[in-house]
Structure formats: structure tokens, C-alpha cells
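What follows is a single structure, written as C-alpha cells, with notes after it.
Note that this is a predicted model, so its numbers are computed, not measured.
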Amino acid sequence: MQTRRFVLLTLIVVFTMALSITVTHAQDITLHWTLPSITADQGTVDINALDDLLTLRINGLDGETADRPVVSLACQNAETQESATVRLSPLALDRAPDSLTMQFDIATQLLGLPYPIDAWALESKPLAIISERAVESADRLSQPELREEFAWTAGYMLETARHSYQPPYGDGLLNCTFETDSAPISAPLQITFGRGLPEGVYERDFATPDVSAWPSWVLDESFVPRGAGQPDDVGFRAELDMLLAMQETRGADELAMIRQWDDGSAVGPWIEITMSSVLEHHMNPPRAARAYALVSVAMYEAMIATSQLEPMFSAVACLHETGVQPVVPCDSNPTYPAEHAVVAGAASTVLTYLFPDQAAEFAVWAAEAAESRLWAGASLQFFNDAGLALGRQVGELVIARGQSDGSDAVFEGEIPQGDQYWIPEAPAFNGPTEPMAGQWQTWNLTSPDQFRPGLPPEYGSPEFMAEVQEVYDVTQNLTLEQQMIASFWQDKNGTYTPPGHWNAIALELVRDAGLNSAETARIFAALNTAQADAFTALWDAKFTYWSLRPITAIQRLIDPDWQPYIYTPPFPSYMSGHSTTSSAAAVVLGHFFPDDAEQLTAWAEEAALSRLYGGIHFRSDNETGLAVGRLVAGEALARFASSETGV
């Protein structure tokens, strides 16, 4: 064998892989490879990366070298310390007299490694199935658990509905070793996943909406905003010096904190927190809809109140001139009071009212949300102090409304008796759930019965019997696709519930659009007040008509042994709750995101059908719910018509 000199190659190879998936974030997820100081004992090694393909050429080989060497990647997740090794199978191999060239499809190989995965980048359908299977919020799963559940879900979706999903890679780092048994290369390399921390975490809209014309539920002319005192020049300089000192010590933990709370807007993380609290407390759908509305309105009203406090101090929005180097995008809008702090103060205050057992957690998270802007170099301490104080003030007003909305009323009536009326059913024989919710104070409707529908089909009539038979026939022969749809939209107690499902969809839309905090708050206020009104309206109908469920009718009239595909909830049938709230949500979101309106409508109709497939609603329950939901959405959008600035 001819003696050859060892060749030291210093290679820095960085490439971006554009993934063909729909994720909740505005920017494509990027993947970076860094391969430093690769040494080959047998010759020169050339590595080239293009798109998702990696080409390896080993030069200076002799005849004793294997024609098809074993190439592997051994990687460790820097955060979780999990390790795994994958064998790379070349797509193509070209053997020349003194060299070997191999080409690998890296994207498919990554699935065998402990890659980071982002729970909140999951599309809503896999997210719901994961939460259903895991019986807890996806964001509470560990990385190994989340990867396992996602792999199961992706396989299930492919098998049952022919939907293929690639993993939504999160922010993280793999420390790897690239090895081949043909040329003894043992080279360290790194694979970095994510959206580009610390710079440009999300694309976002820096337009400044005029919130002065936005409608309000709790703020009026008597409102006087509470703000923190303003420091003198010496105090201002001291706060800048503090940011400069923090900038010098900013490390991985601080960058992780910034990433957690930098969501394009300040609103998204608090919607996620609300969803998780609803899940953990096993809230029923009307209570959950009320919770989403109260938190969303608090954040929305806080943005309106912020506009009243901004003129009190001429703040610098970008601190570049001071030597501070922000690690998040910086705009030209005022930063006083800090919007992350305002939103955190408002949301945490209302969440504490709704879930008092989590008060300590909410306080910590509010402080952390505000502090993250200091570490990011995007705010000053007194900006944060003013924001937290103002947010809490607004939150207290929203709590006052919640305390007087009738949600503490106690049912003292009687369940009507007769063949046509609802009765508690198996397995729990509970109920009725929240019979007074149809009398709660509405947000946009003039009264709970504003859109009360006409009577459901009369018990025993040909129309009624046809609907009973339809439910029986459909559930006897469910396809795999129909089973998946019924399971996906089930959203029973102990999940995010139906209104939470639409909040997850809305999070995708606002992040994809890169909306600012004010616009995001407005959309969630419109969405969640519409959904809260939808539940009040449909509960008014449910407990006006007290109509029986399919399980009662089918077991009595057709088959005493029949059981529905999904759990029958403990309240009357007419109208369908999921149909009503889904229709309202789809119309509201379709208004703000017209390019997605057709898909949103299709999802609402699928949600309605899911109740038929599940065997818990008649067709008239679903169709009436869809119609009423559209009317409820119209009232919500009418309230916001004067605040339109476009999305």
C-alpha cells in the first residue's frame, strides 16, 4: 500500500433544509451541520451538503477497501443526554479506482436520533390525538415520550387516513460523531435544530394598530391606568447598565427563557398556559369556554389600556444606540409599558382567579415573561414594572365581570319527565352538566336566547325515527377514517375541550401570519367571546328542550345492546356543542384569515359529522348547531367591525 500523507481538513458546512410540513411558526425550520477538523487516515475526505443530501467522497483508497463501507452517526441530545446511533444507508454509491463517493438522504435518517421536537409546532390533528392518547397535554410530555407518541400518531394517521406528517423539529442540539469503517474517520460534528436562536426567532408584524377605536367590555371613561414611576436620568442609566451586564452573562438558560416567551406576540404563551390549566382541571366545555374568554379579554383590554399609558413616557423602542444588543427583532414602537409584562400581568391575574391552586405558578411565569425581555435586551425594568401593574389592574376589572356573570348560579329546577326527554346515561349516569350555563352573561349577544332554534324533530315522528336509524346504521359500519374523525374531535372533559381545540388551530394561524401582540389579542378576544357565547346559546337550547340522546332512543327503539363509539356526555342532545362552537370559531377565524376560510369551514363541518360518527348526536343536532354558530360569530364580528385593520 502506497504511503500517503495524513491530510487535515477543516470543514464548516452549513445548509438549510426546507421541510415540507405545515407548522405553527412563520419561519421554516432550519437544520445546521457543523463538521470541524475531520482527519482521514487513508486520504482526503470531501463532504458536501446540498438541500437534504450529504455527499461523502473518500480519496486515496486501495483495492483492499470495502466496496460498501458502513457509515454511521452516533448522536447525543445536548438537553436530555439521550444517545442513539443510526446506520446511514447510501442512496447512491460510486466506486472509482482510488476513491469512493456516497450520497445520503439525511432527513430520513434523523428520525432514528434523539432529535428535539416542538410540541406546539404540531399540527392540530396530531396534537389532539397525542393529547388524547397520553391523557395529558402534549407540552407536559418529556422529549422521549413526545417522540414516541408522535411516531405512533404519524403512523396511525398514515394507516387510517393516508395523512403523512414529518416531525416538527424544535430548538435543540445534537452532538454527534460521524464514522466509517472504510476510512477510519471519527469526527465530531453538531446538528442544530430550530428557528435561528438567538436572532430572528419569529417573523412578526411591526405595524402599530390604532387601538383607540377598539370596542371594550370592561374599560370606560372612568378608567385611570396605573403605571410605575419614571426614573430620573441617573436611574435610567443604571437600568441600561444592568442590561449591559446581563448581556455579558447571557447563556443557554437565558436564551431558552427568551425563546419560551418570544412567540411573535406576547399573547400565545398565555393561551397555551390556559389550555394546559383547562386540561389539568378537567373543566367541562362551558366552563372552559368561559375561561378562554376571560383570559383573552383581559389580554385584549390590557393592550387598549397600554395605549393610554404610552404617551406618559417617550421611550426608546430599540436600545441599539445605548450599546444594548437585543437578541430578538426590535421595532420602532414604544416599549413603555413593556407589552410582554402588560399581557403577563393581565393573564396571570385572571388565571389566578380561575385556577387559584396554581397562583404561585402564574406569579412565577408572569415575572419570568417580563424578565425574559430584560435578558433579550428589549425592555427596561421600569418598563416591566409599569406593564405588570397595568396588566393586573385590567385583570382585576375582568375578574369583577366574571364574578357577576351568573356562573355561580345553582340549578333548583326539575328534570322534565317523558319519553322525549333526556335522561342520565351510562357509563357514569351523571348530570346534568351546568344546567344554568344557558343563563350566563353573554359577551356579544343581546341575550342567551337571541338565536334560540325551533323545536327538534318530534319524538316518534317519521323525521325523528329516520334520524335515530341513521345514527344506528352509521355507527354499525364505521370506516377507519370515520373512527379517526370521531376520536380526533371527541374533546371530552379532561382535554382542552372543543373551544380549546379551536384555540390550538388559532395559534397556528396567528404564528404563521407573524401578527403583533395587539392584533393577536384582538383575534383571540373575538374567537373566545364568540365561543363562550356559542356555549351559552346552545346551553340555553339544551335546557329549554331537554332532548334525549341517541343512546336512549336506539336502545329503547332499535337495539337494547347498542353502544356509541365515543362517550356520551351528561347533558341533553339538541344542539350539538361541538357543531355550534366549531362553526362560530371557523367563521371568526375565516374572517381574519380569508385564505384559510375554506379549510376552517371544512374542519367545522368535520367536527359536526364527528358527533354523528361517534353516536352521540342526531343530524339535526349538528346542522342546527352549525347554523346557530354562524349567527353567533356574526355578532362577534359586528362588535369588532370598527376595529378592522386587516390581517
Side-chain angles (χ1 to χ4, degrees), residues 17 19-25 28-31 75-86 107-161 163-176 191-195 197 201 252-253 255-257 259-263 268-269 271-280 361 365 484 487-488 490-491 494-496 500-501 503-505 507-508 511:
M17 180 178 69
L19 299 175
S20 57
I21 58 173
T22 302
V23 296
T24 63
H25 308 299
D28 285 336
I29 293 175
T30 57
L31 175 84
C75 298
Q76 183 180 62
N77 186 303
E79 179 180 357
T80 66
Q81 305 305 306
E82 303 165 80
S83 297
T85 300
V86 294
T108 60
Q109 306 294 330
L110 290 176
L111 301 185
L113 300 175
Y115 56 86
I117 191 168
D118 187 347
W120 289 106
L122 287 165
E123 294 185 46
S124 59
K125 190 165 290 190
L127 177 66
I129 295 175
I130 288 171
S131 297
E132 177 78 15
R133 269 180 51 85
V135 199
E136 63 179 311
S137 170
D139 68 316
R140 297 304 177 99
L141 298 175
S142 68
Q143 283 286 316
E145 291 170 329
L146 188 57
R147 282 192 294 275
E148 180 180 353
E149 291 299 336
F150 179 82
W152 185 94
T153 299
Y156 174 76
M157 296 294 289
L158 182 61
E159 176 186 355
T160 61
H163 297 309
S164 179
Y165 292 91
Q166 295 191 46
Y169 299 110
D171 293 317
L173 172 69
L174 298 184
N175 291 310
C176 304
I191 307 175
T192 305
F193 297 82
R195 284 166 292 277
L197 276 177
V201 181
D253 290 343
L255 289 174
M257 179 197 298
R259 167 66 181 86
Q260 178 181 353
W261 295 104
D262 194 306
D263 195 28
I271 294 294
E272 294 174 356
I273 288 170
T274 306
M275 293 170 65
S276 290
S277 293
V278 164
L279 183 150
E280 291 174 15
E361 284 183 288
W365 290 335
M484 184 277 294
S487 298
F488 167 65
Q490 185 174 3
D491 294 331
T495 68
Y496 299 132
H501 201 142
N503 274 263
I505 291 171
L507 281 170
E508 284 190 55
R511 285 165 170 163

Handout entry: Heavy-atom closest pair, residues Leu113 and Ala84
Key =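 Between these two residues, the closest heavy atoms are CD2-O, 3.9 Å.
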Practice task
Please name the pair of heavy atoms, one in Asn77 and one in Tyr115, separated by the smallest distance, quoted to 0.1 Å.
Solution key: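 Scanning both residues completely, I find the closest heavy atoms to be ND2-C, 4.2 Å.
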Test item: [X] and [Y] side chains (from C-beta on) under 4.5 Å apart, heavy atoms:
| X | Y | value |
| --- | --- | --- |
| Glu79 | Leu173 | no |
| Gln143 | Pro114 | no |
| Thr274 | Asn503 | no |

Problem - Spacing of Ser277 atom OG and Glu361 atom CD [to the nearest 0.5 Å] - result: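 The distance works out to 7.5 Å.
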Problem - Set of side chain to side chain contact (heavy atoms under 4.5 Å, CB included) partners for Pro269, sequence neighbours left out - result: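 In terms of side chain to side chain contact (heavy atoms under 4.5 Å, CB included), with neighbours along the sequence ignored, Pro269 is linked to Trp261, Asp263.
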